[in-house]
Amino acid sequence: MGLFGRNRQSQPPREQDELVKSSLQHLDALYATALRLTRSPADAEDLVQDTFVKVQRFHEHFEPGTNLKAWLFKILTNTFINKYRRQTRERNVFDGIDQEPIGEGVMSADSLRGLTEPDATALRPIVAREIQAALDALPDEYRAIILLADVEELSYKEIAEVLGCPIGTVMSRLHRARKLVQKQLVEHARALGLVAAGHAEEPVDIDVYRRRRKELA
Amino acid sequence: MKSPAVTCHAFRRYADALLDAELDPGTQIELERHLAGCGSCQELLALERAVKREVKRSVSETKAPIALRSRIESALLQNAISARSAPPSTALFRVHVLPARYAIPATIASLAAAALLSVMWLNQGKASDAAEEQASTVPMFEDIVRLHSGSLPPDVTSGHGAAVTSYFRGKVDFPVRPAVLGDDAHLTGARLSHVRDHNAAALFYDVGGRRVTVVMFAQPRPQADRVFHGVYVERAFGRTIVHRRIGGYTVSARENEGVTYAFTGDTDEATLVRLTATAHLQ
């Protein structure tokens, strides 16, 4: 009945090795996320290495049978956030960002359709690239929260655990992060001729796009 | 959501949660009802979905550099060697970490039933308030137990109080001076987290081979009494301690200069209460 911890000898090295081996199967996904988080291949490698060192060191924290990949991603993101926090001496640095008004402006159905259903398949990678650019432009913690929600699909409760903040903060921060991405996406897409504001019937011209992109670069 | 028709403005506020399937069924139905008749909100949701899909897709396509795997393996080997030669501190005990579902009761009602048998109410409120007070107290204790039994590694790993104090500087709104728990106890690390809506510092200790977690948080004065309803109040070693059982754990708490110290751990209740009462708080 008493559910108290028991004092046992340390795990035989084999169990620890098994965990590391299983974790290495997710190396690609971990690196990919680390790369999006840090935006630097060198930093991404360091982050992934730090994560695996923690996996080895804190292997007892992992509960066998639960979602290993989610656990790994939590550690990865938590490590990234902490590194960022350690470099910031300001208190509640993100509350400043959280309080800036972002507006809930209505985007016309027409303008959005161009982004969600690009008419030509050639446009798809272009739109994809714009989405990535918008993501990269976000402050670190906003980008991290989008990655946690969209890539790893952690629940809000799990995200709160990783970020060390209440669930309410997770919801509002995620909302803001996505809004920022959308705003940039739509504005940039308009400027590049990807979507024509209010004139859905106008076909999108790839040459026009390419020209304008060069101008903006 | 009990209001009549959902407006576009309201929809937009909750579109994320709809996309992430984080809404309660009632709210979800209300939003979907609005969605069925609103083209612009449909487009917005389609955009959110497209962005989400693209973010996920781009990550799935990237591969790790070939050399990374071997680099990691040698780093791990290096780490394992140095860990083995380190003094036996945290490396030597295997913790039996409880799955969350055992630590946290499934329903408030079941907890209330168990607790009513052994609880002394702090104030003599009306019986009808009991469930409400119970409901306000339980989540706080759940947060504390979750910090102890959770699976994430510490944010900072250090046995030195000064390192932990400096980690929390600027992150919580009170100075974090780690409690000293006695001769056979030492600090192993800490995590930044929260208890309900308050920033909290979770400090991890090894006490005679068992893990004990002390969660520190500050609360505005008027709420201090409210939080501790539904607990045992005890005078021990000259101090006032409150404690209650939740799931398989006991959480005991003590206040010092506006900061609450909540203790929980893999020890028996008597030891935990003693630790709480005798801890040296700075």
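- Shown here for A/Arg57 and B/Thr157, the closest heavy-atom pair between the two residues is NH2-CG2, 3.3 Å.
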Which donor-acceptor pairs under 3.5 Å do side chains of residues 143-155 of chain A form with protein atoms, sequence neighbours excluded?
unit_1	atom_1	unit_2	atom_2	d
A/Arg143	NE	A/Arg36	O	2.9
A/Arg143	NH1	A/Leu138	O	2.9
A/Arg143	NH2	A/Leu37	O	2.6
A/Arg143	NH2	A/Asp140	OD1	2.7
A/Asp150	OD1	A/Arg178	NH2	2.6
A/Glu153	OE1	B/Lys56	NZ	3.4
A/Ser155	OG	A/Lys157	N	3.4
A/Ser155	OG	A/Glu158	N	3.1
A/Ser155	OG	A/Glu158	OE1	3.4

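- Pairing each heavy atom of A/Val162 with each of B/Arg191, the nearest pair is O-NH2, 4.1 Å.
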Give the intermediate values and the outcome of salt bridge (charged side-chain N to carboxylate O under 4.0 Å, His left out) for residues B/Asp16 and A/Arg176. CA-CA 10 Å; B/Asp16 286 298; A/Arg176 294 184 63 89; over 6 Å; no

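- The CG atom of B/Leu47 sits 5.0 Å away from the CD atom of A/Gln182 when rounded to the nearest 0.5 Å.
- In this view, B/Glu73 and B/Arg69 satisfy the salt bridge (charged side-chain N to carboxylate O under 4.0 Å, His left out) rule, not counting sequence neighbours.
- For chain B, no part of A/Asp50 is nearby; none of its heavy atoms comes within less than 4.5 Å.
- Contacts of A/Val20 with chain B are made by side-chain atoms alone, with heavy-atom separations under 4.5 Å and no backbone atom involved.
- Shortest non-hydrogen contact noted between A/Glu161 and B/Gly150 is OE2-CA, 4.4 Å.
- At a heavy-atom cut-off of under 4.5 Å, chain B is reached by A/Trp71, A/Lys74 from residues 66-74 of chain A, listed in order of number.
- Residue contact with chain B, scored on non-hydrogen atoms closer than 4.5 Å, involves the backbone and the side chain of A/Gln49 alike.
- Under the 4.5 Å side-chain criterion, counting only non-hydrogen atoms from C-beta, A/Thr169 is not in contact with B/His194.
- At a 4.5 Å heavy-atom cutoff, the contact between A/Val181 and chain B is made by side-chain atoms alone.
- Under a 3.5 Å cut-off, the side chain of B/Glu54 and the backbone N or O of A/Ile131 do not form any donor-acceptor pair.
- Proximity to chain B is absent for every atom of A/Ala134, based on heavy atoms less than 4.5 angstrom apart.
- Heavy-atom minimum distance, A/Ile75 versus B/Pro153: CG1-CD, 3.6 Å.
- Your options are B/Ala17, B/Cys8, B/Ala15, and the one with the most heavy-atom pairs under 4.5 Å with chain A is B/Ala17.
- Contact record, A/Glu45 with B/Leu68: OE1-CD1, 3.7 Å, taken as the closest heavy-atom pair.
- The interface of residues 23-34 of chain A with chain B, defined by heavy-atom distances below 4.5 Å, comprises A/Leu24, A/Leu27, A/Asp28, A/Ala29, A/Tyr31, A/Ala32, A/Thr33.
- For the atom pair CG (B/Leu44) and NZ (A/Lys179), the distance works out to 5.0 Å, reported to the nearest 0.5 Å.
- Heavy atoms of B/Arg49 lying under 4.5 Å from chain A are absent altogether.
- No other option in B/Ala200, B/Ala202, B/Ala75, B/Pro65 has as many heavy-atom pairs under 4.5 Å with chain A as B/Pro65.
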